[in-house]
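Beneath this line is the structure, given in structure tokens, with notes to follow.
Below, chain A is the first sequence line, B the second, and so on; all start at residue 1. Note that the structure is a prediction, hence the values are computed from the model and not measured.
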Amino acid sequence: MVLDYGSGNLRSVQRALERVGANVEITSDATSAASCDALVVPGVGAYASCMAGLTAVRGESIIDARLAGGRPVLGICVGLQILFSAGVEHGTRTAGLGQWPGTVERLSAPVLPHMGWNTIDVGEGSTLFAGVESERFYFVHSYGVVSWDFPDDGRSAMKPPVASWCTYTDRFVAAVENGPLVATQFHPEKSGDAGAYILENWLTSLR
Amino acid sequence: MSLAVRVIPCLDVDAGRVVKGVNFVDLRDAGDPVELAAAYGDQGADELVFLDITASSASRETTYDVVQRTAESVFIPLTVGGGVRTVEDFDRLLRAGADKVGVNTAAIADPSLITKASERFGSQCVVLSVDARRCVGDVTTPSGFEVTTHGGRRGTGVDAIAWADEAAQRGAGEILLNSMDADGTTQGFDTELIGLVRRHVDVPLIASGGAGVVDDFPRAVEAGADAVLAASVFHFGHLTILDVKSALDNAGLPVRRHNVSYG
């Protein structure tokens, strides 16, 4: 299901997932969003308004309930950003869902938004990028997570999240794979055939 | 590696059909927009622009239908412009499946449209389309370029560079810069105009108007464009997307290669 909280090109996400064989519905219903096989959380525009929209449909408890049960969630664009601790826009700090440490900040590139197709420095152990490691993906955003400070002392029995990166003046998080919680800063649904493979890899990982 | 230069075909759509003529007159029918969009997607177009030149409001319903059908079958970003007057027009096009919406004349009359649209939908989907030309007659502007409306037929006396800058400050996330002097001439992009806008504006810049041969495209990028747009040269098969990407590549500019195909 694709979570409708007033943000994102829902229909494009739906069609792109249908292209790779999924049955997709768009919903703002908390119960079905919490219990469905897989949930996509899209998002475009401002961090603060996305968080407000998400709160209005009880997005935080939907995502928490899903993750508590190991049920998959895919965040796209601002849908990735809101999974981090906070976002800072025009000097105002907005709390995020805090699934991962890290703050979403304005990038420092001379031309923003970062708009267009860029390459990925794919993290070790990634399954999301299998077969499309060298492809370009479509980004459109001005903010990103430039510092990933997930504590990993190498002694944990748990697999740390796999972070993949993109560089546009700054190096920033392009995707995170963390058990049932996966997110991309780019738009797989707008990334042509390469994006279709990302969505297919994600679906395959759910089976 | 770095961000690829985007190569963007523009489809002028009138009542559901693609048209393009020299300097926006003497229009010729060049096909079905949905099929053409899919074909360009297959060729490796990085993005698509639909410019709706439909005059009558009755025929505008056709536009929403075309946008919707295109968005359902083509998985690259789609910008739709032409005749956008209100925030509601933005909303409707975005709901139909457009990723970005271009505004032109209405924003000149009411610049707050840019502010309102970017606040509501985000800067990333607000594209300011500027039809600029060198000042003629007794019209002067500081940059020497003025904004025109009505497909270049009417001057406004507004400085094109200052206007692009103001629009970016108001929240436009991208400038689609069309040179009315170069448009339809196939004599190359107006690199002077591109360079001026680049020096004053810090949002992505799409260069449009004047493309004739492949070597025109790297020149536009070297002048400061982040993306290059053309219509006729693509529609009539004079150049392919791949021809343009090869020329950019040969000039040492990054492009997206169409390496994988799905399904």
Side-chain angles (χ1 to χ4, degrees), chain A residues 6-21 43-47 49-50 77-78 89 109-121 131-143 166-169 187-200, chain B residues 1-8 41-42 44-48 67-68 70-78 94-100 117-127 168 171-175 198 201-206 224 226-227 254-263:
Chain A
S7 183
N9 197 332
L10 307 172
R11 192 76 187 107
S12 293
V13 176
Q14 178 178 26
R15 282 290 302 128
L17 283 162
E18 284 171 352
R19 185 187 183 199
V20 297
V44 297
Y47 196 96
S49 59
C50 281
C77 197
V78 183
E89 287 174 329
V111 173
L112 287 173
H114 173 226
M115 189 182 280
W117 301 75
N118 213 331
T119 52
I120 308 286
D121 178 8
V132 288
E133 296 88 347
S134 312
E135 297 303 308
R136 290 176 178 273
F137 298 91
Y138 188 81
F139 290 84
V140 51
H141 62 119
S142 298
Y143 295 79
C166 178
T167 302
Y168 182 64
T169 306
H187 289 270
E189 79 281 12
K190 287 289 159 189
S191 294
D193 289 352
Y197 280 103
I198 293 287
L199 295 173
E200 185 175 75
Chain B
M1 299 298 279
S2 53
L3 189 62
V5 175
R6 288 171 284 151
V7 179
I8 307 173
D42 291 342
D46 297 311
E47 236 176 274
L48 292 167
V67 170
Q68 187 168 343
T70 304
E72 295 197 347
S73 57
V74 182
F75 299 94
I76 56 174
L78 173 64
L94 293 170
R95 283 179 189 279
D99 298 287
K100 304 185 239 181
S118 65
E119 281 172 1
R120 176 145 165 212
F121 308 108
S123 287
Q124 82 291 333
C125 68
V126 181
V127 181
E174 190 168 45
I175 305 291
R198 174 74 297 156
V201 177
D202 57 6
V203 298
L205 175 60
I206 305 172
D226 300 286
V255 292
R256 177 177 71 112
R257 288 297 182 186
H258 207 47
N259 298 321
V260 294
S261 61
Y262 185 86

Practice problem: Counting only heavy atoms closer than 4.5 Å, note whether B:R198 contacts chain A via side chain, backbone, both or neither. | Solution: side chain

Self-check item: Under 4.5 Å from any heavy atom of chain B - which part of A:E189
Solution: backbone

Self-check item: Under 4.5 Å from a heavy atom of chain A, the part of B:S123 involved
Solution: neither

Self-check item: Best-contacting candidate, B:E72, B:R95, B:E47, against chain A by heavy atom pairs under 4.5 angstrom
Solution: B:E72

Exercise. Please state whether the side chain, the backbone, both or neither of B:V201 comes within less than 4.5 Å of a heavy atom of chain A.
Key: neither

Quiz item: For B:A98, is it the side chain, the backbone, both or neither that has a heavy atom under 4.5 Å from a heavy atom of chain A?
Solution: backbone

Exercise. Please name all residues satisfying salt bridge (Lys or Arg N to Asp or Glu O under 4.0 Å) with B:D202, sequence neighbours left out, ordered by chain then number.
Key: none

Quiz item: Who pairs with B:D99 by salt bridge (Lys or Arg N to Asp or Glu O under 4.0 Å), at least two apart in sequence or on another chain?
Solution: A:K190

Quiz item: For the candidates A:E18, A:H141, A:E200, which exhibits the highest count of non-hydrogen atom pairs separated by less than 4.5 Å from chain B?
Solution: A:E200

Exercise. Kindly indicate, with the supporting measurements, whether the criterion side-chain hydrogen bond (donor to acceptor under 3.5 Å, both in side chains) is fulfilled by A:E135 and A:Y197.
Key: CA-CA 10 Å; A:E135 297 303 308; A:Y197 280 103; over 6 Å; no

Quiz item: Considering only heavy atoms, which portion of B:V255 lies under 4.5 Å from any heavy atom of chain A: side chain, backbone, both, or neither?
Solution: backbone

Exercise. Please state whether the side chain, the backbone, both or neither of A:S49 comes within less than 4.5 Å of a heavy atom of chain B.
Key: neither

